[in-house]
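Chain letters run A, B, ... following the sequence lines, proteins first, then strands; residues in each count from 1.
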Protein chains: 2
Amino acid sequence: MGKKLYNISVEATLEVIGGKWKCVILCHLTHGKKRTSDLKRLMPRITQKMLTQQLRELEDDGIVKRIVYNQVPPKVEYELSDYGSSLTPILDSLCMWGETHIIKEYGDKFAVLEENVLNRRDDEVLVDELMEKEVEMT
Amino acid sequence: MGKKLYNISVEATLEVIGGKWKCVILCHLTHGKKRTSDLKRLMPRITQKMLTQQLRELEDDGIVKRIVYNQVPPKVEYELSDYGSSLTPILDSLCMWGETHIIKEYGDKFAVLEENVLNRRDDEVLVDELMEKEVEMT
DNA sequence: CAGCATCCGGAAGGATACTG
DNA sequence: CAGTATCCTTCCGGATGCTG
C-alpha cells in the first residue's frame with residue numbers, strides 16, 4: 001500500500017469521510033440500515049453515479065457494510081460497520097451543530113428543510129429531534 | 001439572503017466547514033492564533049490562493065477572526081472566533097479519530113507524519129499528544 | 001431495483017507574476 | 001510578509017443510456 005503522508009491527523013479522517021456526500025450518507029445511516037432507494041429519496045440531489053461511488057469508497061474503507069439479497073428484483077442494503085459506528089458521535093455532533101447554525105442563520109429551521117424531509121416516513125428521527133427542540137424553545 | 005434548502009441538517013455544517021482545507025486550517029487554529037506564514041508552514045501543500053480563499057470564507061461565516069497589524073512588513077493573524085470555538089469539540093474528535101485510524105492502517109503513526117510536522121516549534125501539541133499515546137501503548 | 005459505462009461541460013484548484 | 005490577478009489545466013460530477 002502506498003503510504004500517504006499527513007501534516008496533521010485530521011487529514012486521515014478527511015480522506016475517509018471528506019467526500020462530497022459521505023457525511024450526509026453516514027448521517028442517514030446512523031438512523032439505521034437503508035436500501036439504495038431509501039438513500040436516493042433521502043438525498044434527492046445526489047446522482048446515481050455519486051451515490052454508488054461514495055458508498056463503494058466507504059465500503060472499501062470498512063465504514064459501511066453492503067448487504068446483497070439474491071432475489072429479483074434486486075435488493076441491497078447499507079449499514080454502518082462496527083468500525084464505522086465509531087464515527088457516530090462525530091456525525092451526531094455535526095448534525096447538531098448544523099441545526100444550531102440553521103437557527104442562528106434563519107431563525108426558523110423549518111424554513112430551510114425541504115418538504116420531502118418533513119413528509120418522509122422511514123426516517124422521522126430528525127423531525128422528532130426538531131420537534132423536541134421546538135418545544136424546548138417555547 | 002438566498003435561503004438554501006437542506007435535506008438534513010449536517011448539510012448546513014458542511015457548507016461552513018466542508019471546504020477542502022477548512023477542517024485542517026481550523027484544527028491548526030484550535031492550537032492557538034496563527035500568522036499566515038505559520039499556516040503555510042503547517043500546510044506545505046496548500047497554495048497561497050487556496051489558503052486565502054478558505055480563510056476568507058471562514059471569516060465571512062464568522063468562524064475565524066482576522067487580525068491585521070498596520071506595520072511594515074505586514075503581519076496578519078487568524079484565530080477562532082467565539083462562534084468558531086463552538087466547533088472545537090468536533091475538530092478535536094476529528095483529529096482523534098484520524099490518529100486512531102492511522103494506527104489501525106499503518107500501525108506506527110509516526111511513519112505517516114511528515115518531518116516538518118515533527119520538527120516544527122510552534123505547534124507541538126500534536127506531537128505531545130502522540131507521545132502520550134505512545135506511552136499508553138507500551 | 002441496483003448498478004455500470006460513456007461522454008462532456010464547468011467549476012475547482014495550481015502556477016506564475018505582480019502590488020503595497 | 002500578505003495578498004491579488006491572471007491564465008490554464010485537471011478532474012469532478014452531471015446526464016444519459018444500457019444491463020442483469
Between [X] and [N], is there a contact of a side-chain N or O with OP1 or OP2 at under 4.0 Å?
X       : N      : value
A:Arg45 : D:dG14 : no
B:Arg66 : D:dG3  : yes
B:Arg35 : D:dA2  : yes
B:Thr52 : D:dA2  : no
B:Thr47 : C:dA15 : no

Tell me which nucleotide among [options] gets nearest to the side chain of [X].
X       : options              : result
B:Pro74 : D:dC1, C:dC1, C:dC4  : D:dC1
A:Val76 : D:dA2, C:dG3, C:dA15 : C:dG3
B:Lys49 : C:dG14, D:dA2, C:dC4 : C:dG14
A:Tyr78 : C:dG14, C:dG3, D:dG3 : C:dG3
B:Gln48 : C:dC1, D:dT4, C:dC4  : D:dT4

Q | Shortest non-hydrogen contact from B:Cys95 toward A:Ser9 | A |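 So the two residues come closest at O-OG, 3.2 Å.
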
(Q) Treating A:Asp60 as the side-chain partner and A:Glu57 as the backbone partner, does any N or O pair qualify as donor plus acceptor under 3.5 Å? (A)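 Not a single qualifying donor-acceptor pair exists.
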
Please give, in whole Å, the distance from [N] [atom2] to [X] [atom1]?
X       : N      : atom1 : atom2 : result
A:Gln71 : C:dC1  : CD    : C1'   : 9 Å
B:Met43 : C:dG13 : CE    : C1'   : 15 Å
A:Leu55 : C:dG3  : CG    : P     : 8 Å
B:Met50 : C:dA12 : CE    : P     : 9 Å
A:Asp38 : C:dA2  : CG    : C1'   : 13 Å
B:Lys34 : D:dC1  : NZ    : P     : 18 Å
B:Leu51 : C:dG14 : CG    : C1'   : 14 Å
B:Lys40 : D:dA2  : NZ    : C1'   : 6 Å

Q) Looking at side-chain heavy atoms only, is the closest gap between A:Ile8 and B:His28 below 4.5 Å? A)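 Yes, side chains in contact.
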
Q. Side chains of A:Glu79 and A:Val64: does their closest heavy-atom pair fall under 4.5 Å?
A.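 A:Glu79 does not reach A:Val64 side chain to side chain.
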
Q) Angle class for the A:Tyr106/B:Tyr6 ring planes (parallel below 30°, perpendicular above 60°, tilted otherwise)? A)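 Aromatic pair A:Tyr106/B:Tyr6 classed perpendicular.
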
Q) When all nucleic acid strands are considered with a 4.0 Å heavy-atom cut-off, which category describes B:Lys20: base, sugar-phosphate, or nothing? A)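 Sugar-phosphate only.
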
